[in-house]
Amino acid sequence: MKSEKIKAVVVDDENRIRRGIERLVLSCGEEWEVAASFGDGQELLDAYEETPFDFDVLITDIRMPITDGLTLIKEMKKFTSFNPVVISGFDDFHYLQTALREGALDYLLKPIDREEFKKQMEKLKQEVLSQRRLQEKEIVVQHQVSKLEYIQQVEKLSQVTKGFEPDVSLLDWTEEFPECLYSLMYVTIDQPMSHSRTMKKDEWNTWVLANENIINEMLSNSSRDFWKWRGEDASFWILLCSKTDEEEIAFKEELNSFSMSMQKNVQKTIPFSNSVAISKPFEDLTFLQTITKDVLALMQYRPVFGNSQIFQQDLYVKTSYESELKNAGELQQAIQRVIQAMERMNEQELKHHIHLFADKLQTLRLSSEVEFFLQSLSIQLINYIIKFKPRLNNDLLDIQGTVSLLQKSGNIDELRKELEDWLIEVYEKLMHVNKENVHDQVREAKSWITLNLKESITIEKIAGHVYMNPTYFCEYFKNETGETVLDYVTRSRINKARELLLTTNLKIYEIAEQVGYADTKYFSKLFKKHYGELPSKYKEKIKS
């Protein structure tokens with residue numbers, strides 16, 4: 001068992017900086033202790049191999065002469081568990097990405113800002129204390145893996161939910177897990193930003209900790225295997241495993257019951273609520289990254305249904321209405337056509353599909369069925385707006401009026417009119433935002449293209465960067481610039497190629513790669529089309 005103090009190990013090849021980091025750690029409070037410090041990663045590896053010792057936090061430089069920080073983290077994790085933080089004087093995204101992949105909780109640049117460092121140490125302290133409580137309650141999976149193996153499994157799961165693939169050198173990382181039905185659960189405090197702004201920092205941290213304790217307590221009393229790790233903004237991920245011979249239906253029902261109990265216990269104890277998103281059961285963990293995206297997408301239902309909800313993936317795809325209605329599929333297709341018309345910014349087409357959707361609604365017998373499909377339309381419209389218009393203000397995203405449409409309407413004709421008025425209002429707001437921002441967005445798109453000429457550039461990527469619908473963006477780009485997006489990208493690449501041709505000694509195939517063309521012959525053909533000569537001849541001609 002570790003001592004009460006939080007033990008940190010500092011590794012940096014610059015003596016002055018290493019001593020400064022030690023002092024910064026000790027300045028963060030009496031809970032902290034510097035267990036050891038080393039001038040290189042290899043020194044720590046050698047010392048640990050000779051005499052293993054416990055520590056909670058590893059603060060390491062990235063670039064060191066013998067064993068660099070990222071290699072050190074990777075090697076040390078084979079022997080013990082800890083929380084890594086990497087520090088470097090090189091602002092390099094590649095290092096940041098690799099550090100996160102290896103489980104680093106933060107990436108700090110020299111010179112280290114004292115206040116930022118203290119904030120990070122406070123976050124680390126809460127993480128270490130949480131880990132210790134888990135160990136004290138002996139929350140381990142039931143198939144009796146070792147503590148180190150369990151932590152390594154959690155780190156791999158955390159990598160996947162952050163968007164990283166586990167290291168390919170680990171071969172099939174899923175082989176370490178038992179064969180069972182899995183379900184991924186995402187638990188998040190409702191409105192965390194609002195709560196954290198209205199509370200003092202210590203008070204907010206205390207409540208977040210209390211929330212986690214309730215979840216830990218309930219998991220510790222569960223008889224099933226599970227893995228738990230932290231997400232962002234006071235959220236948690238939990239991977240749960242079905243019991244031996246447990247039917248899928250029983251598994252889903254128990255997860256729902258567990259979530260309801262957890263929400264009730266939280267609301268009895270702390271001044272805010274949790275919402276929970278639960279995936280459908282699955283057997284193959286290699287699909288976990290896709291499952292993660294699906295579970296996060298469920299949280300987009302919260303603006304419609306409110307806080308303290310339980311969203312289950314399969315329940316919001318298949319409902320009791322769909323099982324009873326022969327034309328449920330046609331109604332969903334009608335909704336899709338409405339969304340597509342909105343996406344294409346075609347008002348006439350939009351009105352046409354609104355009327356077709358209303359005709360389908362007329363075939364339903366119960367008002368509850370009509371309400372369900374109106375809510376389905378609202379949810380899918382929210383998803384579209386969040387995807388392409390995330391910077392829009394709350395007025396545009398406040399499209400929950402579908403629930404009140406039935407109350408306003410006395411018959412299907414009135415409902416049709418209310419539905420059309422509501423959707424056209426959303427359409428006009430979208431049009432206004434697009435026209436208002438188009439000049440800045442075209443300029444920003446051009447800037448992004450210039451910075452990414454070497455990369456694979458698609459219309460979707462450019463439009464996504466400026467938060468516009470791809471079809472609408474192409475139309476406006478041509479209206480504003482007089483050329484298509486594709487023509488602009490090609491011209492920018494060839495112009496950059498000409499610059500490289502005349503100012504560097506790069507070979508033709510190297511220049512082609514620098515401006516995004518893998519096929520040298522195709523690049524040369526395009527270059528000749530723009531400048532009348534093949535690149536090599538053009539260079540000779542200009543120099544002569």
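In this text the structure is predicted, and so the values were computed from the model without any measurement.
Side-chain contact between Phe258 and Arg224 is absent, with no heavy-atom pair separated by less than 4.5 Å. The shortest side-chain heavy-atom distance between Asn216 and Lys228 falls under the 4.5 Å cut-off. At a threshold of 4.5 Å between non-hydrogen side-chain atoms, the residues Lys243 and Glu254 count as touching. Side chains of Ile6 and Leu124 form no contact here, defined as non-hydrogen atoms less than 4.5 Å apart. For the pair Leu377 and Ile339, the minimum side-chain heavy-atom distance is below 4.5 Å. Side-chain contact check for Pro271 versus Met199: some heavy-atom pair is nearer than 4.5 Å. Taking the side chain as every heavy atom from C-beta outward, Glu428 and Ile424 approach each other to under 4.5 Å. Using a 4.5 Å heavy-atom threshold, the side chains of Thr60 and Leu44 count as separate.
Counting all heavy atoms, side chain and backbone alike, Val128 lies closest to Val57 at CG2-CG2, 4.2 Å. Minimum heavy-atom separation, Gln309 to Phe311: CB-CZ, 3.3 Å. Taking every heavy atom of both residues into account, Tyr427 and Leu350 meet most closely at CB-CD2, 3.8 Å. Scanning both residues, Val338 and Ile354, for their nearest heavy atoms gives CG2-N, 4.1 Å. Annotation for Trp207 and Thr269: closest pair CZ3-O, 3.5 Å, computed over non-hydrogen atoms. Nearest heavy atoms, Leu184 versus Val295: O-CG2, 4.0 Å.
Atom-to-atom distance recorded for Leu285:CG and Gln153:CD is 9.5 Å, nearest 0.5 angstrom. Considering CZ of Phe357 and CZ of Arg337, their distance stands at 12.5 Å, rounded to 0.5 Å. Note that CZ of Arg23 and SG of Cys28 are 13.5 Å apart. Values are rounded to the nearest 0.5 Å. Leu296 CG to Thr292 OG1: the interatomic distance, rounded to the nearest 0.5 Å, is 6.5 Å. If you take CD1 on Ile214 and CD on Glu212, they are separated by 11.0 Å, rounding to the nearest 0.5 Å. Interatomic distance, Asn256 CG to Gln312 CD, rounded to the nearest 0.5 Å: 4.5 Å.
Ring pair His195/Trp204 is parallel by interplanar angle, where below 30° counts as parallel and above 60° as perpendicular. Note on ring orientation: taking the six-membered ring where Trp is involved, the planes of Trp229 and Trp237 are parallel (angle under 30°, cut-offs 30° and 60°).
Dense packing is recorded around CD of Gln267, with more than 12 heavy atoms of other residues, nucleotides or ligands lying under 6.0 Å away.
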Run Leu181 and Glu246 through side-chain contact (heavy atoms from CB on, under 4.5 Å) and show every step you take. CA-CA 9 Å; Leu181 273 178; Glu246 184 176 25; over 6 Å; no
For Phe177 and Leu157, run side-chain contact (heavy atoms from CB on, under 4.5 Å): C-alpha distance rounded to whole Å, both residues' side-chain angles, the deciding distance at 0.1 Å, then the answer. CA-CA 11 Å; Phe177 293 82; Leu157 294 168; 3.8 Å; yes
One pair to check against side-chain contact (heavy atoms from CB on, under 4.5 Å): Ile59 and Met121. What are the steps and the verdict? CA-CA 10 Å; Ile59 304 172; Met121 290 302 102; 4.2 Å; yes
Assess the residue pair Lys360 and Gln333 against the criterion (side-chain contact (heavy atoms from CB on, under 4.5 Å)); give the C-alpha distance rounded to whole Å, side-chain angles, the decisive distance to 0.1 Å, and a yes or no. CA-CA 10 Å; Lys360 296 293 182 185; Gln333 289 177 1; over 6 Å; no
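Ser273 is linked by a side chain to side chain donor-acceptor pair (under 3.5 Å) to Asp190, counting only residues two or more places apart in sequence or in another chain. Scanning for side chain to side chain donor-acceptor pair (under 3.5 Å) contacts around Glu22 gives Arg19, Ser37, with sequence neighbours left out.
Annotation: disulfide bond (SG atoms under 2.5 Å apart) contacts involving residues 221-295, sequence neighbours excluded, comprise Cys180-Cys241.
In this structure, Asp56 contributes its side chain and Lys7 its backbone to a donor-acceptor pair below 3.5 Å. Ser27 contributes a side-chain N or O that, together with a main-chain N or O of Leu24, makes up a donor-acceptor pair within less than 3.5 Å. In this structure, the side chain of Ser261 engages the main chain of Ser257 through a donor-acceptor pair within 3.5 Å.
Screening Ile291, Leu255, Leu239 for a side-chain contact (heavy atoms from CB on, under 4.5 Å) involving Ser183 leaves a single residue, Leu255. Of the residues Asn265, Asn211, Thr188, Asn307, the one that meets the side-chain hydrogen bond (donor to acceptor under 3.5 Å, both in side chains) test with Asn274 is Asn211.
For Lys125 and Glu122, the salt-bridge test passes: some basic side-chain N is under 4.0 Å from an acidic carboxylate O.
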